[in-house]
Each structure stands twice: as structure tokens, then as C-alpha cells.
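To start, the structure under review is shown below, and the notes come after it.
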Amino acid sequence: MRSYRIFSHLAKVLQHNSVKTSTLVGRVQIGWPLISLPVTLSFDGVEGKWGQRLKSYLQKPIQAFVPGPIMGDTSENTSKLDSQTANQAPVSQGDSKPTERMQTLQEHLTQRTDEHNEEQSRQNTQEPSEASAACSSGQPNTKVQKTDHQEGDGASSSSEQPHKTHLFVEVADHQWPIVYSTEYNIGFLGMEKLHPFDSGKWGKVFQFLREEGMLSEATIVRPLEATEADLLVVHSSSYINSLRWSITVAGITEVPPVALLPNFVVQKKVLKPLRTQTGGTILAAKLAMERGWAINVGGGFHHCSSDRGGGFCAYADITLSIKFLLELGLIKKAMIVDLDAHQGNGHARDFMDMMDKVYIMDVYNRNIYPHDGFAKRGIRRKVELDFFTGDEEYLDKVYNHLKKALEEFEPDIIVYNAGTDCLEGDPLGALSITAEGIKNRDQIVFEFAKKERDKPIPVLMVTSGGYQRNNARIIADSILNLRQKGLIGCQAAEEHQAKRKKKTGSSGSPSSPESATTPSSGASSPTSPTSGEPRRGLLDWFKR
């Protein structure tokens with residue numbers, strides 16, 4: 001109803017001023033005397049400087065609907081407009097002032113003016129001492145509260161001001177640094193099936209790991225949804241605002257029917273799960289610095305940059321996780337190892353001006369989406385594959401290039417984008433890597449980070465793409481393999497699980513934590529991944 005009143009007011013203003021030409025206002029085409037597109041028009045910041053400018057161009061008519069919160073959705077304001085327009089003398093058709101006014105209004109409405117948001121930001125940063133103290137010490141503010149960030153201009157922004165966030169929840173010692181929430185999964189009227197992506201694979205991964213006795217509801221870390229203030233650390237406000245249009249989200253998710261849904265439905269059923277996964281990646285990044293490793297069961301939206309989305313990626317969670325760590329002072333340099341079958345053009349664009357701090361190694365099929373030639377400039381080590389590359393060639397390239405990358409650059413953290421769309425049979429990845437090959441690939445990355453160096457490098461792993469129904473099983477098996485090889489572990493979580501099983505009286509199985517933690521010959525304990533005891537692994541095989 002509010003949008004209808006806005007359009008009604010604008011129509012009356014146009015009628016009173018005898019405007020006969022069509023005028024573009026924001027994204028709405030107003031064709032006199034009717035509105036041709038009945039869609040919502042946003043008047044963000046109408047009460048600030050922007051509103052004052054509008055008043056100066058459309059004096060009395062605009063004054064009728066500016067005083068309210070958003071032009072005041074009340075009958076009082078409607079009657080006020082009616083009385084004002086009735087008392088004003090009609091303007092002759094030969095008078096060009098109304099047309100000039102509307103043209104000037106068009107120019108100001110189509111500009112991306114964020115003055116009101118900047119004014120609000122300045123008002124909300126009157127108490128920076130608490131946030132500065134919390135972030136300078138590297139300690140998160142765990143209180144759940146509304147955050148107020150300065151508006152971000154993308155990853156290349158020069159602003160490095162620390163900020164408060166509610167994403168860094170408290171994590172108990174008996175919880176694995178594995179992040180997951182039931183809010184990750186996307187589902188609405190079966191529309192999610194219109195895209196080959198398995199929008200429920202994250203829940204399946206958790207279910208498999210729980211069945212294997214590794215995880216439980218008590219030992220998993222549950223993230224919170226990233227707020228708009230959190231997203232503005234990287235994203236521009238114009239991009240965030242564009243997601244309030246369902247047609248924009250339909251293009252990003254590549255599901256056209258989404259454009260027909262009301263945006264509040266899209267926000268809740270599509271974007272909220274992605275925001276929760278983004279919050280999970282940011283939380284997992286800090287957990288990786290504290291525990292030595294962390295896995296977000298979701299995330300890996302590597303096609304999204306600060307000002308554009310695509311390929312089912314609406315938020316730049318990888319960029320955000322690194323930016324948060326930089327702002328907190330927990331790292332100075334980071335390496336992104338992107339082994340998804342598609343080129344990671346989003347974070348490559350974001351860090352193009354920060355290549356001295358963020359090193360990107362990307363192994364991808366050169367013949368498929370996104371074909372982003374500009375983004376390739378941001379990749380330090382580019383490894384392009386051909387159609388149907390198999391295990392032997394693939395693993396050999398991953399091993400050799402990762403080795404050289406770590407010789408060239410010494411990061412404080414490795415952000416590992418472990419997409420499984422390179423699996424043979426994937427309709428979009430078009431590579432031929434077996435399930436065993438994916439397990440070996442993940443093991444190579446963790447072994448490089450944990451072995452052959454005096455100080456292990458923390459690893460943050462996100463699951464990214466994968467467009468087959470068996471991807472969830474392969475992801476779970478790979479995580480179990482890393483645990484069995486002693487590359488990831490959590491002693492307190494293992495003990496908690498053992499006590500819980502003993503209390504419930506359930507018997508152990510071959511896949512239970514007790515059997516899985518039994519070290520193999522020549523291997524160190526899974527609960528001591530940083531142990532100096534030598535053990536054989538894939539790196540030893542490649543050396544031979």
C-alpha cells in the first residue's frame with residue numbers, strides 16, 4: 001500500500017504540472033497518465049540532504065509527501081496532497097519549468113547518492129574507543145548487538161578501521177572448528193530444483209558426519225547471519241540495495257522464476273541462507289587462526305565481488321573473511337587456493353590491488369564459465385585445465401603449483417576453496433576427477449600447510465561448488481579422511497563424543513570416533529595434527 005501511495009502522489013504531481021512526457025524515476029517508468037511498471041520504488045535517505053534537494057526542484061508537490069518516514073503512509077498526507085494540488089493554479093502546457101524540474105529530478109534520482117548513509121555512519125561512530133580496544137587486542141566482541149560499520153567501497157578500500165560485529169560467537173573447547181547451521185539449506189516450493197546446484201548438500205554433509213560419529217549437535221559450531229553492516233565491510237551499498245530487486249537475485253542464482261517472487265520471500269528463502277553461510281565463513285576464518293584449521297560446511301562464493309554477483313554467489317564470503325582478519329590484525333598476508341572447477345573471478349577482482357598481501361592460486365577449467373579475462377590479472381598463479389582432465393594430471397599440477405606458490409609467498413592463513421564440481425560427470429565442471437582424487441587433493445593441501453614447515457599454516461576450508469547428488473557424500477568422506485590422517489582433530493570433541501556414547505550405552509562401530517582415531521602405521525595421532533612425529537602421506541608419494 002505504501003508503494004501505491006508513493007506512485008499515486010507522483011502521478012498527481014505530474015498531472016498538476018501537465019507533464020506529458022515519460023519520466024524515468026529510479027527504476028520505474030512513469031508513462032503519463034499511468035504507471036507502466038507496478039514495482040516498488042525505494043526512496044532511501046529522503047529525509048536527509050537528498051530530500052532537501054528534491055524539495056528545491058518540486059517545491060509544494062514534493063513537500064506533501066516528504067515529512068513522513070517514507071513519505072508518510074497515512075490518509076492525512078494523502079488529503080494534504082489533494083488540497084495542495086487543488087489550490088495551486090494550473091500550469092499552461094507551454095510552460096517548460098515542470099518538464100525541466102522532472103528532468104532534474106530524474107538526474108538526481110538515478111545517481112547513487114549515499115550522503116544520508118554517510119551522515120548516519122558519522123553519527124553512529126561517536127564511541128569508537130570500545131570497538132578499537134576490542135579489535136586492537138585481537139579479541140572479538142561476543143555480545144550480540146547491532147553493528148555500525150563505515151560504508152565500504154569494496155575490498156580495495158583504504159579504510160582499515162576496526163569494527164564491532166556479533167559474528168564471533170563463543171566456541172567451547174569440546175566443539176569442532178567445523179561451522180554449520182540448518183539455515184544454510186535453501187528450499188522454497190521446489191524452485192531450488194530448477195538449478196543443478198544441490199541446495200541442500202550442506203545439511204547432507206553434516207548428516208553423514210553425524211552418522212559416522214564425528215559430529216553431533218553439541219560439538220558443531222553454529223554461525224549467525226551476516227548483517228548488512230558486516231557485508232558493507234566489502235560490498236558497496238549500491239550492490240546491497242540491488243539485491244532488494246528479485247530480478248537481480250534471479251540473475252545471480254540463475255533461476256528465472258525467482259524474479260516473480262516478492263522480494264521479502266527472496267530475502268528469507270534465498271538470501272538469508274547465503275548470508276548465514278557468509279557469516280559462517282567469517283567465523284571459521286577466526287577459528288582457523290585460533291585452532292590451526294577450520295571448515296565451513298558451506299560458503300565458497302568465489303564468483304561474487306564487492307559490486308557484482310553471479311554463478312549462485314550473492315555475497316563475497318572469501319573476501320569478507322580475509323578482510324575481517326586483516327582488520328582485526330590477526331594476519332598480514334593470506335593465500336587463496338581455489339580448486340573449484342570454475343575460475344574464481346570474484347575474489348580475484350576484489351584483491352587485484354592487494355596482490356602483495358593476498359596471493360591467489362587458481363586451478364580451473366579454462367573452457368567454462370565465467371571467462372573473466374579482466375579478473376585473471378588478479379591471479380598470481382593461474383593453472384588452466386582442458387576438458388575432462390583426469391586424476392594423474394590434475395593432482396600433479398595441484399602438487400607442483402602449490403609447492404611453488406608456498407615457496408614464492410609465505411601466508412599467515414590459507415583459504416582453501418574446495419569445490420567438488422571437478423568430479424567426473426559434473427554437468428558444469430566438465431573435468432574427470434574421481435572421488436578418490438578429490439580426497440587426495442584435499443589431503444595434499446592440508447599436508448602442505450601442516451607438514452614440512454616449522455610453523456604450520458592455519459587452513460580455512462569452504463566447500464563451494466558441486467552439482468551432483470553424491471557431492472555431499474564425497475565432501476564428508478574427505479573430511480573423515482583428513483581426520484584419519486591426523487591432519488585435523490579436536491581432542492576435547494573426541495572425548496565429549498566418547499563420554500556421550502558411553503552414557504547412552506551405544507556400541508562403537510568401524511566408523512566411530514574410537515576406531516577412526518586409531519593411528520595407522522607410521523602416522524601420528526589425529527588429535528595432534530601438529531605433532532613432529534614423521535608420518536607418510538601423499539607428499540611422500542609425490543617425492544618418490
Side-chain angles (χ1 to χ4, degrees), residues 44-45 114-172 175 177 179 181 183 221-237 239-241 243 267 271-272 274-291 294 296 299 301 306 315-332 334 350 354 357 412-413 415 458 460:
D44 293 333
D114 298 324
E115 295 152 344
H116 179 69
N117 292 336
E118 294 175 359
E119 182 179 341
Q120 289 287 85
S121 178
R122 286 193 296 270
Q123 294 175 357
N124 291 328
T125 54
Q126 295 177 355
E127 299 180 359
S129 57
E130 182 181 351
S132 299
C135 296
S136 62
S137 62
Q139 298 296 326
N141 188 336
T142 56
K143 295 180 180 180
V144 178
Q145 53 187 322
K146 184 178 180 180
T147 58
D148 297 293
H149 296 201
Q150 291 183 344
E151 181 178 329
D153 295 324
S156 59
S157 173
S158 60
S159 175
E160 295 292 341
Q161 294 294 325
H163 55 276
K164 293 182 290 186
T165 180
H166 72 302
L167 294 177
F168 298 135
V169 298
E170 293 184 4
V171 179
Q175 290 178 294
V179 182
S181 169
E183 296 291 335
V221 177
R222 295 180 180 83
L224 299 176
E225 176 187 356
T227 65
E228 182 173 334
D230 295 320
L231 299 172
L232 286 174
V233 170
V234 164
H235 291 291
S236 62
S237 58
Y239 174 71
I240 297 299
N241 290 335
L243 298 179
Q267 292 289 332
L271 294 181
K272 183 178 179 180
L274 300 183
R275 286 193 295 267
T276 306
Q277 292 188 44
T278 298
T281 301
I282 296 171
L283 171 60
K286 188 171 185 299
L287 277 176
M289 297 304 299
E290 295 172 348
R291 303 282 191 92
N296 182 15
F301 307 131
S306 61
Y315 302 107
D317 66 319
I318 293 177
T319 302
L320 279 161
S321 65
I322 294 175
K323 289 289 287 183
F324 267 70
L325 293 181
L326 288 170
E327 286 192 356
L328 288 171
L330 297 179
I331 64 170
K332 293 182 179 179
D350 286 336
M354 297 176 61
K357 293 183 178 180
D412 299 316
I413 188 173
V415 180
L460 162 61

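Worth saying up front: this structure is predicted, and the values here are computed from it rather than measured.
Although no hydrogens or angles enter the test, the distance criterion places a donor-acceptor pair under 3.5 Å between the side chain of D412 and the main chain of K332. When atom types are taken as modelled, the side chain of Q277 and the backbone of K272 share no donor-acceptor pair closer than 3.5 angstrom. A donor-acceptor pair under 3.5 Å links the side-chain atoms of D317 to the main chain of F301, judged by distance alone. Of the possible donor and acceptor atoms, none in the side chain of H235 sits under 3.5 Å from a partner among the backbone N and O of I240.
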Could you go step by step and tell me if L167 and E225 meet the side-chain contact (heavy atoms from CB on, under 4.5 Å) rule? CA-CA 7 Å; L167 294 177; E225 176 187 356; over 6 Å; no
Step-by-step side-chain contact (heavy atoms from CB on, under 4.5 Å) determination, Y239 to L231: CA-CA 10 Å; Y239 174 71; L231 299 172; over 6 Å; no
Would you check, one step at a time, whether the test salt bridge (charged side-chain N to carboxylate O under 4.0 Å, His left out) holds for K286 with E290? CA-CA 6 Å; K286 188 171 185 299; E290 295 172 348; 2.3 Å; yes
Where do T276 and L224 land on the side-chain contact (heavy atoms from CB on, under 4.5 Å) test, with the steps shown first? CA-CA 6 Å; T276 306; L224 299 176; over 6 Å; no
Pair S306-T319, side-chain contact (heavy atoms from CB on, under 4.5 Å): steps then yes or no: CA-CA 8 Å; S306 61; T319 302; over 6 Å; no
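A294 and L287 get closest at one heavy-atom pair: CB-CB, 4.0 Å. In plain terms, the two heavy atoms of P177 and R291 that are nearest each other are CD-NH1, 3.6 Å. Among all heavy-atom pairs drawn from A285 and I413, the shortest one is O-CD1, 4.1 Å. Minimum interatomic distance between R275 and Q267 (heavy atoms only, all atoms of both residues): NH1-OE1, 3.0 Å. For the pair F324 and T165, the tightest heavy-atom approach, listed with the atom from each and the gap, is CE2-CG2, 4.0 Å. Of all heavy-atom pairs between N296 and G280, the closest is ND2-C, 3.5 Å.
The CD1 atom of I318 sits 10.0 Å away from the OG1 atom of T278 when rounded to the nearest 0.5 Å. With rounding to the nearest 0.5 Å, the separation of CD1 in I331 from NZ in K323 is 10.5 Å.
Of the candidates V234, T281, L243, L243 is the only one forming a side chain to side chain contact (heavy atoms under 4.5 Å, CB included) with Y315.
Considering only heavy atoms from C-beta on, R222 stays 4.5 Å or farther from V179 through its side chain. A heavy-atom distance below 4.5 Å is not found between the side chains of L320 and D230.
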